[in-house]
Every structure is written in structure tokens, then in C-alpha cells.
Peer 1: 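Let me give you the structure first, and then I'll get to my questions.
Side-chain atoms are counted along with the backbone in the values below, which use heavy atoms only and exclude waters and symmetry mates. As the structure is a computational prediction, the values presented were derived from the model and not from experiment.
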Amino acid sequence: MKNEDFTTSFVTTAAPLQVFSAINDVRGWWSENIEGRTDLPGSRFIYRDKYLTAEMYIAKLNPQRIVWEVADSYNTFFDHRTEWNGTRIIFEIAVQEGHTLVTFTHVGLIPQFECFNVCSNSWEFFITGSLKLLVSGKNSCFVFDAGQS
């Protein structure tokens with residue numbers, strides 16, 4: 001059976017704990033438009049921009065695996081506004097041949113979703129661009145407009 005969930009990854013020379021810390025600094029790589037704690041298991045945070053509001057529940061938080069469950073979402077850019085509801089966002093951090101491998105999967109974000117192309121392009125930008133820059137110690141919080149991709 002083919003796995004259709006959106007997945008992307010990158011390799012870095014940064015230590016796994018440095019990567020873990022950067023992922024939890026959600027305001028540093030995704031958006032400053034975050035309300036709530038992003039670094040505490042069991043907490044909730046809300047992401048807002050002009051198209052998407054998403055409430056995340058931090059289901060798992062350890063140096064090898066971070067899991068956010070999308071408790072509620074509303075995307076005004078598409079007709080199917082709540083497609084993210086019930087999906088999970090997973091970050092896996094592993095050491096591979098002396099480097100740190102970061103694998104991001106949005107479980108449930110599949111090609112059949114109306115938002116798949118825009119959402120997967122946005123995640124690619126944030127994970128392999130913005131987050132990777134933050135991990136490397138560079139300023140990385142960009143303004144990204146999904147309507148322009």
C-alpha cells in the first residue's frame with residue numbers, strides 16, 4: 001500500500017538537541033502569529049494567518065519525535081475549509097552517518113485534499129527552507145503567502 005501523506009526531510013550537521021530546540025521554536029521558523037506554548041507536552045497553540053487558523057495539540061514531545069495533532073482548523077483559501085482537522089504533524093529526528101536527519105510528515109495531508117498542492121509547497125518552504133536555516137543558526141522567519149505559490 002502506497003503512503004500518500006506529505007513527507008519531506010533534510011540533513012544537517014547540527015546536533016539532534018539543537019534541531020529539537022529549533023523545531024520547538026515555532027515562531028522562529030513558521031510564523032510569529034502563534035498563540036500559546038509550543039514547547040510543552042500536552043499544551044495547545046494556535047497558528048493564524050490571513051488564510052489559515054489551526055489549533056495544534058502537542059501529543060508527543062521528545063528529542064527523537066514530536067507529534068502535533070490538529071484539533072481544529074479553518075482554511076479560507078479553499079472550499080473544504082477543515083481538511084486539516086484530525087491530521088497529525090510529525091517531526092522525527094535521527095542520527096544518520098554522523099549527521100542529523102529531520103523527517104517531517106503531515107499524516108492525513110494527501111493528494112486528494114483540495115489544499116494538497118498549496119499546503120505541501122508551503123510545508124516544503126517552511127521545513128527545508130525556514131526551519132533548516134534556523135537549525136543552522138541563521139534568521140529564518142519568512143513571510144509566506146500561500147496565494148502566491
Peer 1: Would you check if Arg81 and Thr76 make a side-chain contact, meaning some heavy-atom pair closer than 4.5 Å?
Peer 2: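 When only atoms from C-beta onward are counted, Thr76 and Arg81 do touch, with a gap below 4.5 Å.
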Peer 1: Would you call Thr87 and His106 a side-chain contact if the rule is heavy atoms closer than 4.5 Å?
Peer 2: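 A side-chain contact exists here, since the closest heavy-atom pair is under 4.5 Å.
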Peer 1: Please give me the minimum heavy-atom distance between Gly98 and Val95, naming the atom from each residue.
Peer 2: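 Smallest interatomic distance, heavy atoms only, reads N-CG1, 4.4 Å.
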Peer 1: Let me confirm one number: the CD-OG1 distance from Glu35 to Thr53, rounded to the nearest 0.5 Å.
Peer 2: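 Reported value, rounded in 0.5 Å steps: 8.5 Å.
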Peer 1: Taking the ring centre of each residue, are Trp84 and Trp68 less than 6.0 Å apart?
Peer 2: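 No, the ring of Trp84 stays outside the 6.0 Å limit from the ring of Trp68, centre to centre.
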Peer 1: Quick one: closest heavy-atom pair of Arg48 and Ser31, and the distance?
Peer 2: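 So the two residues come closest at O-OG, 4.5 Å.
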Peer 1: Salt bridge check: are Arg65 and Glu92 linked by an N-O gap of less than 4.0 Å?
Peer 2: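 Glu92 and Arg65: salt-bridged.
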Peer 1: Can you see whether Tyr74 engages Asp72 through a side-chain donor-acceptor pair at a distance of less than 3.5 angstrom?
Peer 2: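 Checked: Tyr74/Asp72 side chains show no N/O donor-acceptor pair below 3.5 Å.
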Peer 1: For Ser130 and Trp29, indicate whether the former's side chain and the latter's backbone hold a donor-acceptor pair under 3.5 Å.
Peer 2: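 Indeed, once roles are kept as given, a pair shorter than 3.5 Å links the two residues.
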Peer 1: Any chance you could lay out the side chain to side chain contact (heavy atoms under 4.5 Å, CB included) test for Leu109 and Asp5, step after step, and finish with the verdict?
Peer 2: CA-CA 5 Å; Leu109 179 60; Asp5 299 322; over 6 Å; no
Peer 1: For Ala14 and Val135, work out which heavy atoms get closest and say how close.
Peer 2: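 The pair with the smallest heavy-atom distance is CB-CG1, 3.4 Å.
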Peer 1: For the atom pair CD1 (Ile110) and SG (Cys119), what is the distance rounded to the nearest 0.5 Å?
Peer 2: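 Here the interatomic distance stands at 12.5 Å.
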Peer 1: Mind listing the closest non-hydrogen atom pair of Gly36 and Arg27 along with its distance?
Peer 2: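 Where Gly36 meets Arg27 most closely, the heavy atoms are O-NH2, 2.7 Å.
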Peer 1: Look at the side-chain heavy atoms of Ile, Leu, Val, Met, Phe, Trp and Tyr, link any pair under 4.5 Å apart, and say whether Ile46 and Ile89 land in one connected group.
Peer 2: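 The answer is no; the residues belong to distinct hydrophobic clusters.
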Peer 1: Taking side chain as C-beta onward, heavy atoms only, is Ser21 less than 4.5 Å from Asp39?
Peer 2: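 Of all side-chain heavy-atom pairs linking Asp39 with Ser21, none is under 4.5 Å.
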Peer 1: Answer yes or no: is there a side-chain heavy-atom contact under 4.5 Å between Phe91 and Ile127?
Peer 2: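 When only atoms from C-beta onward are counted, Ile127 and Phe91 do touch, with a gap below 4.5 Å.
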Peer 1: When you compare the side chain of Ile90 with that of Val107, does any pair of heavy atoms fall below 4.5 Å?
Peer 2: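 Yes, their side chains come closer than 4.5 Å.
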Peer 1: Asn24 and Thr38: side-chain donor and acceptor closer than 3.5 Å?
Peer 2: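 Their side chains do not contain a donor-acceptor pair, so the 3.5 Å distance test is not met.
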Peer 1: Do Phe6 and Trp123 have ring centres separated by under 6.0 Å?
Peer 2: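 No, the ring centres sit 6.0 Å or more apart.
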Peer 1: Are Phe20 and Phe126 linked, directly or through other ILVMFWY residues, by side chains that come within less than 4.5 angstrom of each other?
Peer 2: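 In one cluster: yes.
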Peer 1: To check you understand the geometry: which heavy-atom pair defines the closest contact between Ala22 and Leu134, and what is its length?
Peer 2: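 Between these two residues, the closest heavy atoms are O-CD2, 3.6 Å.
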Peer 1: Looking at every non-hydrogen atom in both residues, tell me the closest pair between Trp30 and Met56 and how far apart they are.
Peer 2: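 Heavy atoms only, the tightest pair is CH2-CE, 3.7 Å.
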Peer 1: Carefully, step by step, assess Thr105 and Thr7 under the rule side-chain hydrogen bond (donor to acceptor under 3.5 Å, both in side chains).
Peer 2: CA-CA 4 Å; Thr105 304; Thr7 298; 3.2 Å; yes
Peer 1: Spell out, yes or no, whether Tyr57 and Leu61 are grouped together once hydrophobic residues are joined by side-chain heavy atoms under 4.5 Å, including indirect joins.
Peer 2: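 No, separate clusters.
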Peer 1: Are Tyr47 and Ile23 linked, directly or through intermediate hydrophobic residues, by side-chain heavy-atom contacts shorter than 4.5 Å (ILVMFWY only)?
Peer 2: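 They do share one cluster, since a chain of ILVMFWY contacts under 4.5 Å joins Ile23 to Tyr47.
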Peer 1: Is Leu131 close to Phe104 at the side-chain level, that is, under 4.5 Å between some pair of heavy atoms?
Peer 2: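 SC-SC contact between Phe104 and Leu131 ruled out.
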Peer 1: Does Ser120 use its side chain to pair, donor to acceptor, with the backbone of Asn117 at less than 3.5 Å?
Peer 2: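 Judged by distance alone, yes, a pair lies under 3.5 Å.
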Peer 1: Would you confirm whether Glu83, through its side chain, and Glu114, through its main-chain N or O, come within 3.5 Å as a donor-acceptor pair?
Peer 2: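 Answer holds: yes.
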Peer 1: With side chains defined as the heavy atoms from C-beta onward, is the minimum distance between Glu55 and Arg44 less than 4.5 Å?
Peer 2: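 With C-beta onward as the side chain, the pair touches.
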Peer 1: I'd like to know if the side chain of Thr12 pairs up with that of His99 as donor and acceptor (distance under 3.5 Å, no hydrogens or angles considered).
Peer 2: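 Side chains of Thr12 and His99: no pair found under 3.5 Å.
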Peer 1: In terms of hydrophobic clusters joined by side-chain contacts under 4.5 Å, are Phe10 and Leu101 together?
Peer 2: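 Shared cluster, no.
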